[in-house]
Amino acid sequence: MAFFVGSLVIVEVILILQLIAARRIKTEISKSIQQMIIVGAEITLVVFLQTICTDEILSRALFGLYFCSTDWLMFIVGKFILLYTNNERYLRRFYYSFPLLIFDIFFLGLNIEHQFAFSVVKTDTLMGEFYKFVPGPLFQVHGVIIYCLVAFSLIVLAVKIVKAPFIYKKKFYFVFAVIMVIVGLNAVIMFVGDTLDFSVYGYAGGALLFYYFALNYIPGELINQTISAVSREAREGIIIFDEEVCTFANNAAMTFLKVEGDVLLGKSKEEIIKNYLDKESGITEDDMEFNYTDSDSSEPKYYKVSYHTLYDAKGEHIGGSLTIYDKTDEDKELREQIYLATHDTMTALYNREHFFTRAEEVLANDPDTKYVIIASDITRFRLVSDLFGEELADRVIIKISEELRNALPKEAIYGRLYSDRFAILLPKRLHDEKMLISIADSVNRVDKQYAYTIKMCFGVYEVVDRDLPVNVMCDRALGCITSIKEDYRKYVAYYSEESLESLKREQEIISELDDALENGDMTVFLQPIVKYDGTVVGAEALARWIHPVRGLISPGVFIPIFEKRNLIVKVDVYVWELACKILNRWVREGKDWFVSVNISTKDIYFVDVFDVFTRLVSKYSIPPEKLRIEITESAVAQDVKTVTELITRLQRIGFVVEIDDFGSGYSSLNMLKDFTADVLKIDMKFLSNADEDKRSKEILRSVISLAKNLGMVVITEGVETREQADFLEEHHCDLYQGYYYSKPVPEAEFIQKVDEIKNTI
């Protein structure tokens, strides 16, 4: 008896310690196990008290408490099973059994007095004297409730065992077996009639086993099995070593090393690294990392290999792990990212930033070689896209890249800066102007189905100051191209200090344009248009810039600059409005004069000319025929269809259209057939040697006659002598303009000259 009592005390202490350990795990399953441990401890205490009890009524009360505790224990076990098998959704239904437990507890409480469920009798055994439980006629009520709860738990576990994957079946086998052992032991004690209730060991042992299997061994074993399964199927090669040799190698490792079966097992890390990874040095290091290339594959494979030594909590060596990571795709992606970061996506040439970097490296590493920076540009390239679409523009860009690849020597560094701008770094000894002209000629002929002519130009800067940033060198090469853009005979320009000064002056003029327009420094001079007898009938409005510091700036200085930079449009629109203001005053003063204004090719493409002119004549209440429109023959020839449609619309509402500078270019007379103008304006530069050249006089006579026959008024500009005026009058020229009559003058001086010109002639 003393031994049994002592063992109960030991069991109680073990359960309390187990409860303390379980409380450190914060999960719902742990809470259920803690509840089982508490009830198990309470049952152990009750059995202890039963063993030493000497009062019959108290013994019946303790047995009643014992059976109530088993009710509660089986309810907690059922709740634990539902949580353990991931059947939480059935918990609410399981709680419906709670009234049966209350009934059984109440029923067992009444038994203390009435003894219809069980009774106790004093028994003398070799182990001592104590009260023994004797089942009554209604004890089966308690048994049915208990075993229904047990059956519920076992059924739930059995279903889970059948459905669970093989790796998880063990998780439920042990719990099922523990419950069966506890129930069996309890049944033996209750119904066989043993002298002492040794089933208490089953409750305590069950709590211990639940704690061990549910919270320690099974989770740990499953984690190990899962890690093993994951490691075996991992994409990275994993090889595990104990203190000396390989104990595990997953499938990926064997694939990488091209081995099968257990070939690697039992081999040291040094042996594996040397024989399978061709690594001779560094194999004795505890921790190491190196790259390995398998060049025997159809495509080279790149691997990253690392070895890490493993130590236990005391710092003692227990083994190590070798990891083989396939970084082929990663390297490929990295190379692609580097390529995209350094190359232009359309042409596959170096992009702007990488060209600058490579050029700076070459210049720094080869100080004894003389180099040139060559930059390319296409005249009015933006119009290619605007007029003919992105497809042709892209085709031109790709053509340039192809020509550079084919024509440039291997020593050249080249790339695309942006848009149509490309740059080349080339040893000076390899620079060949003919090569550049050949490239330009090929690009210029990229697509002849369009009327627009492409002109590719090159600027060359000799590298004399290597401390100068490469982007500045490129700017200098590009800057000198402006000097040849309008000269269709030249394709290559060379940078000089003079060209730099010219570029600076251009930048100054460009930067001051907006202020000139806003402050009125840009104004209009009028050059009279007269009859042969000197009668003034109108004037041509010409832009003049009266700078507050530099005085009158020649139009020959600023007009070409604004044309190259596409700023001429802004100046032209400004001049048109000033001309309309003048006409508005003349109309109000009763002066019957017209004003001619010029429109350029760029005006046609960059502004809505029709809208601007119709809005101006409406705003200033001017008869359309008083605002004459001069368009050069070169502008007409550039795009006959577009210009013809525009001028026809203007003529319909009363505007008079003049073809300006006829004879100064090289266009065909077909233009006169396709383009119905009201006035033909002939430039006397066409006959600069008219006094001596009989052929030129005959051509001029024929042009005047042709224009008259086509119903056009003829104006000749550039008339400088009386002899020229007499010759033109003899051949029926209608109107005259030139220095013989007056140079361009401000409006006030123009009005003063009206009578003076007639009196002088």
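- A donor-acceptor contact shorter than 3.5 Å links the side chain of Thr85 to the backbone of Ile81.
- By the 4.5 Å heavy-atom criterion applied to side chains, Asp242 and Ile318 are not counted as neighbours.
- Heavy atoms only, all atoms of each residue included: Phe355 and Ile413 are closest at CE1-O, 3.3 Å.
- The two atoms that bring Ser153 and Gly78 nearest to each other are OG-CA, 3.3 Å, heavy atoms only.
- The shortest distance between side-chain heavy atoms of Met346 and Asp394 falls below 4.5 Å.
- A 6.0 Å sphere centred on CZ of Arg92 holds no more than 12 heavy atoms belonging to other residues, nucleotides or ligands.
- The backbone N or O of Leu349 sits less than 3.5 Å from a side-chain atom of Thr347, completing a donor-acceptor pair.
- The structure places CD1 of Ile38 at 11.0 Å from CH2 of Trp72, a figure rounded to the nearest 0.5 Å.
- Cys246 and Ile272 get closest at one heavy-atom pair: CB-CD1, 4.1 Å.
- Between the side chains of Tyr302 and Glu330, not a single donor N or O lies within less than 3.5 Å of an accepting N or O.
- Between Arg358 and Glu361, at least one side-chain N (NZ, or NE/NH1/NH2) sits under 4.0 Å from a carboxylate O, which counts as a salt bridge.
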**Report entry** Audit row: Leu58, Leu49, side chain to side chain contact (heavy atoms under 4.5 Å, CB included) steps and yes/no
**Finding:** CA-CA 10 Å; Leu58 180 58; Leu49 294 175; over 6 Å; no
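- In this structure, Phe75 has its ring center closer than 6.0 angstrom to the ring center of Phe98.
- Taken from OG in Ser401 to CZ in Phe422, the straight-line distance is 6.0 Å, to the nearest 0.5 Å.
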Query - Derivation and outcome, side chain to side chain contact (heavy atoms under 4.5 Å, CB included), residues Leu340 and Thr345 - result: CA-CA 7 Å; Leu340 291 175; Thr345 54; 4.2 Å; yes
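- With a 6.0 Å radius and a threshold of 12 heavy atoms from other residues, nucleotides or ligands, Asp262 has its CG atom at or below the threshold.
- Taking CG from Leu277 and NZ from Lys269, the interatomic distance works out to 12.5 Å, rounded to the nearest 0.5 Å.
- In this structure, the side chains of Tyr96 and Pro99 stay at 4.5 Å or more apart for every pair of heavy atoms.
- Atoms CZ and CG, from Arg466 and Leu468 in turn, are 12.0 Å apart once rounded to the nearest 0.5 Å.
- Among residues at least two apart or in separate chains, salt bridge (charged side-chain N to carboxylate O under 4.0 Å, His left out) pairs with a member in residues 336-348 are Asp344-Arg416.
- Atoms CD1 and OG1, on Ile239 and Thr247 in that order, are 10.5 Å from each other to the nearest 0.5 Å.
- Using a 4.5 Å cut-off on side-chain heavy atoms (C-beta onward), Ile273 and Leu322 make contact.
- Not less than 6.0 angstrom separates the ring centroid of Tyr325 from the ring centroid of Tyr303.
- Shown here for Gly266 and Val245, the closest heavy-atom pair between the two residues is O-CG1, 3.2 Å.
- Two residues are said to be in side-chain contact when any heavy atoms from C-beta on lie closer than 4.5 Å; Leu91 and Leu83 meet this criterion.
- For Ile57, the CD1 atom sits in a loose shell: 12 or fewer heavy atoms of surrounding residues, nucleotides or ligands are nearer than 6.0 Å.
- When ring centroids are compared, Phe248 and Phe241 stay outside the 6.0 Å threshold.
- Side-chain contact between Leu149 and Leu100: absent, with no pair of heavy atoms (C-beta onward) separated by less than 4.5 Å.
- No hydrogens or angles considered: nothing links the side chains of Tyr90 and Arg93 as a donor-acceptor pair under 3.5 Å.
- Between Cys474 and Phe356 the shortest side-chain heavy-atom distance falls below 4.5 Å.
- Side-chain contact between Thr293 and Lys301: absent, with no pair of heavy atoms (C-beta onward) separated by less than 4.5 Å.
- Summarising the geometry of Ile145 relative to Phe103, their closest heavy-atom pair is CD1-CD2, 4.5 Å, with the distance given to 0.1 Å.
- Side chain of His343 to backbone of Tyr339: a donor-acceptor contact under 3.5 angstrom is found.
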Requested in this report: Would you sort out whether Val470 and Thr357 count as a side chain to side chain contact (heavy atoms under 4.5 Å, CB included), showing the intermediate values?
Outcome: CA-CA 8 Å; Val470 172; Thr357 301; over 6 Å; no
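- Atoms CE and OG, from Met74 and Ser69 in turn, are 11.0 Å apart once rounded to the nearest 0.5 Å.
- Annotation: cation-pi geometry not satisfied between Lys304 and Tyr292 (NZ/CZ under 6.0 angstrom from ring centroid, within 45° of ring axis).
- Other residues, nucleotides and ligands contribute at most 12 non-hydrogen atoms within 6.0 Å of the CZ atom of Phe106.
- Panel note: side chain Asn250, backbone Ala253; a donor-acceptor pair is recorded below 3.5 Å.
- Minimum heavy-atom separation, Leu264 to Ala249: CD1-CB, 3.7 Å.
- No hydrogens or angles considered: a donor-acceptor pair under 3.5 Å links the side chains of Asn291 and Lys327.
- With hydrogens and angles disregarded, a donor-acceptor distance shorter than 3.5 Å links the side chain of Asp287 to the backbone of Thr309.
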